[in-house]
Amino acid sequence: MSTPKKALWGGRFATAAAERLQRYGESVSFDWRLYKFDIAGSIAHATMLRKIGVLKTAELKAIIAGLQEIEMEILAGKFNWRQDREDVHMNIEATLTERVPAGAKLHTGRSRNDQVATDVRLWLKDQILSNQKAIRALQKALVKWGQRDFTTVIPGFTHLQRAQPVLLAHHLLAYVEMLQRDHDRLADAFKRTDVLPLGSGAIAGSTLPLDREFVAMLLGFSSVTQNSMDGVSDRDFIVEYCAACALLAVHLSRLSEDLILWSSAEFGFVRIGDAYTTGSSLMPQKKNPDIAELARGKTGRVVGNLMAMLTLLKGLPMTYNRDLQEDKERLFDTADTVQNTLEILAEMLGDVAVNNDACGKAAADPLLLATDLADWLVKKGMPFRQAHHAVGSAVALAEKTNTPIDKLPIAELKKISPIFTPDALSVFSISKGLASRQMTGSPNPKLVKKQLERWTKSLKG
Ligand code: ARG
């Protein structure tokens, strides 16, 4: 059978091509990390095979003992991963069968198509729980920081221009809210990951009376997939996870960007601990916020992984295609990147020192309360558009005469609008301005304190 090929291509070609294919096609170099779930899946499948009479009790026992032995070897770094066995599934099954004859029965009613989908779902469920824990730890670190520097006032920015004064804690709590939505999106992705595809076989199930619900129960899945073709080809749960992580990474990137700006000499609001910064090989004075920059930079790959996943799926005919092997590196990279970033940012936030003077100075510009002056006029009955215009004239006058707006003579203000009385200038107090914001969601210190308490409570444990 192989002679024509040899004759045609000569010499060693057939072997060389096979080797290259093996190298190109293997996935064990990265999917080995599914081993724990592959073994758990096999033990559950074997237990079910015993239940329906395919395996004898002694065979089941031998298979379980063999799989456990393999797991110990992998844990100890002693397992011989072979690239010629393509992937994690073949490596484990082939080694088992070498040692335990009954291993040859393990794959009954199973295909690698439903096996890999099962393994990845198990792995991802576990991963989502770790991510959620790390999100909560970062939320806690933000809340703690808010409590630590509760009285610090900074300018809030729009268009990166100073806008209105806010409590630093209020700014930090904005990220706690974002992260909560990330947490919830992951919980939602978890629901659709938590479905067992095993029993779908290669595409059309099995003629054997497999007990899928029993396997689902053993593996802790909430339900089983309802269509065998969908079961082996569905990777929506990975896309959803990658999408949730992409947005999470974007949030982490924005937090990092704030920290990078705040730690610059231009802002000077914070000083990131030495352990989380580096120096320059050339400029002795430099202290660079590398962790925050890397966190911002790594967002690119997490977003890219989502695009890669969508592109991977878009042209696939039903059902399983080998293309799907490409899902794992994108998935693993996404999971590792967000997990590491969450962990290191939480750690770093514990080591950020606030420069209250710099923050206070930046927030002290009375112009940041110009809107409060317009509100004052509104309270006296002036329509807002007119009030906005009047205060705009006061700002222009302050600029022209080089006078801080809160020091403008009342006579001059009266020329702009007769409604102005000396009492109007009392709006130029940060504490008054913050305290007079009474609605839910405002940076009023009393309300921010309540929010910090609410979060402390809900993040407990
Ligand atoms: N390593 C493969 C993957 O990750 C496992 C499934 C292989 N199935 C097959 N029919 N070749 O997708």
Side-chain angles (χ1 to χ4, degrees), residues 17-45 67 70 74 79-97 103-104 106-127 193 195-207 210 215 219 225 227-242 305-306 308-336:
E19 262 169 32
R20 182 170 301 171
L21 180 76
Q22 200 185 89
R23 248 184 294 133
Y24 188 70
E26 67 82 24
S27 58
V28 67
S29 56
F30 51 86
D31 68 14
W32 67 270
R33 60 191 283 186
L34 295 172
Y35 74 88
K36 192 171 126 195
F37 304 100
D38 193 73
I39 288 172
S42 285
I43 290 178
H45 183 66
L67 287 170
I70 289 173
I74 296 171
F79 186 73
N80 180 24
W81 293 108
R82 284 174 46 173
Q83 290 214 346
D84 60 333
R85 286 181 173 169
E86 208 174 286
D87 55 24
V88 60
H89 325 291
M90 302 271 261
N91 265 274
I92 291 175
E93 192 193 327
T95 305
L96 174 73
T97 309
L106 177 60
H107 214 48
T108 310
R110 188 175 73 170
S111 154
R112 271 187 299 155
N113 297 354
D114 57 354
Q115 187 179 2
V116 69
T118 302
D119 290 8
V120 173
R121 283 172 184 268
L122 281 172
W123 182 88
L124 186 53
K125 280 173 62 180
D126 191 57
Q127 189 60 43
T193 306
V195 187
L196 174 77
L198 207 64
S200 301
I203 168 170
S206 169
T207 58
L210 308 179
V215 177
L219 289 174
T225 53
N227 180 301
S228 62
M229 295 176 77
D230 186 43
V232 291
S233 67
D234 172 27
R235 296 294 183 274
D236 292 3
F237 63 100
I238 300 184
V239 172
E240 286 186 49
Y241 174 74
C242 286
N305 288 340
L306 169 63
M309 274 308 302
L310 289 167
T311 313
L312 175 66
L313 296 176
K314 83 169 264 295
L316 287 191
M318 287 285 267
T319 53
Y320 179 85
N321 298 270
R322 190 63 181 277
D323 313 45
L324 291 176
Q325 182 167 295
E326 289 290 309
D327 61 358
K328 275 168 279 307
E329 285 162 295
R330 302 303 104 225
L331 173 63
F332 294 158
D333 185 61
T334 292
D336 293 344

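Numbering starts at 1 and runs along the sequence shown. Numbering of ligands and ligand atoms starts at 1, following listing order.
- Interface of K328 with ligand 1, defined as ligand atoms under 4.0 Å from a residue heavy atom, comprises 3 (C), 4 (O), 12 (O).
- A salt bridge does not link E93 to R112: none of the charged side-chain nitrogens sits closer than 4.0 Å to a carboxylate oxygen.
- In the vicinity of V116, heavy-atom distances shorter than 4.0 Å reach the ligand 1 atoms 4 (O).
- Atoms of ligand 1 found under 4.0 Å from any heavy atom of S27, numbered from 1 in the order shown, are 1 (N).
- Taking the six-membered ring for Trp and thresholds of 30 and 60 degrees, W32 and Y35 have nearly parallel ring planes, at less than 30 degrees apart.
- Scanning the protein for heavy atoms near atom 2 (C) of ligand 1, the closest one is Q325 OE1, 3.4 Å.
- T95 and R82 share no donor-acceptor pair across their side chains, judged by distance under 3.5 Å alone.
- Here the heavy atom of the protein found nearest to atom 3 (C) of ligand 1 is Y320 OH, 3.2 Å.
- Of the protein's non-hydrogen atoms, N113 OD1, 3.1 Å is the one closest to atom 10 (N) of ligand 1.
- Those atoms of ligand 1 that come under 4.0 Å of a heavy atom in D87, given as number and element, are 1 (N), 2 (C), 5 (C).
- At the shortest separation from atom 11 (N) of ligand 1 among protein heavy atoms lies R112 NH2, 3.5 Å.
- Remark: the backbone N or O of R330 is not paired with any side-chain donor or acceptor of D333 at under 3.5 angstrom.
- Taking CD1 from I92 and CZ from R85, the interatomic distance works out to 11.5 Å, rounded to the nearest 0.5 Å.
- Side chains of V239 and L306 form a contact here, defined as non-hydrogen atoms less than 4.5 Å apart.
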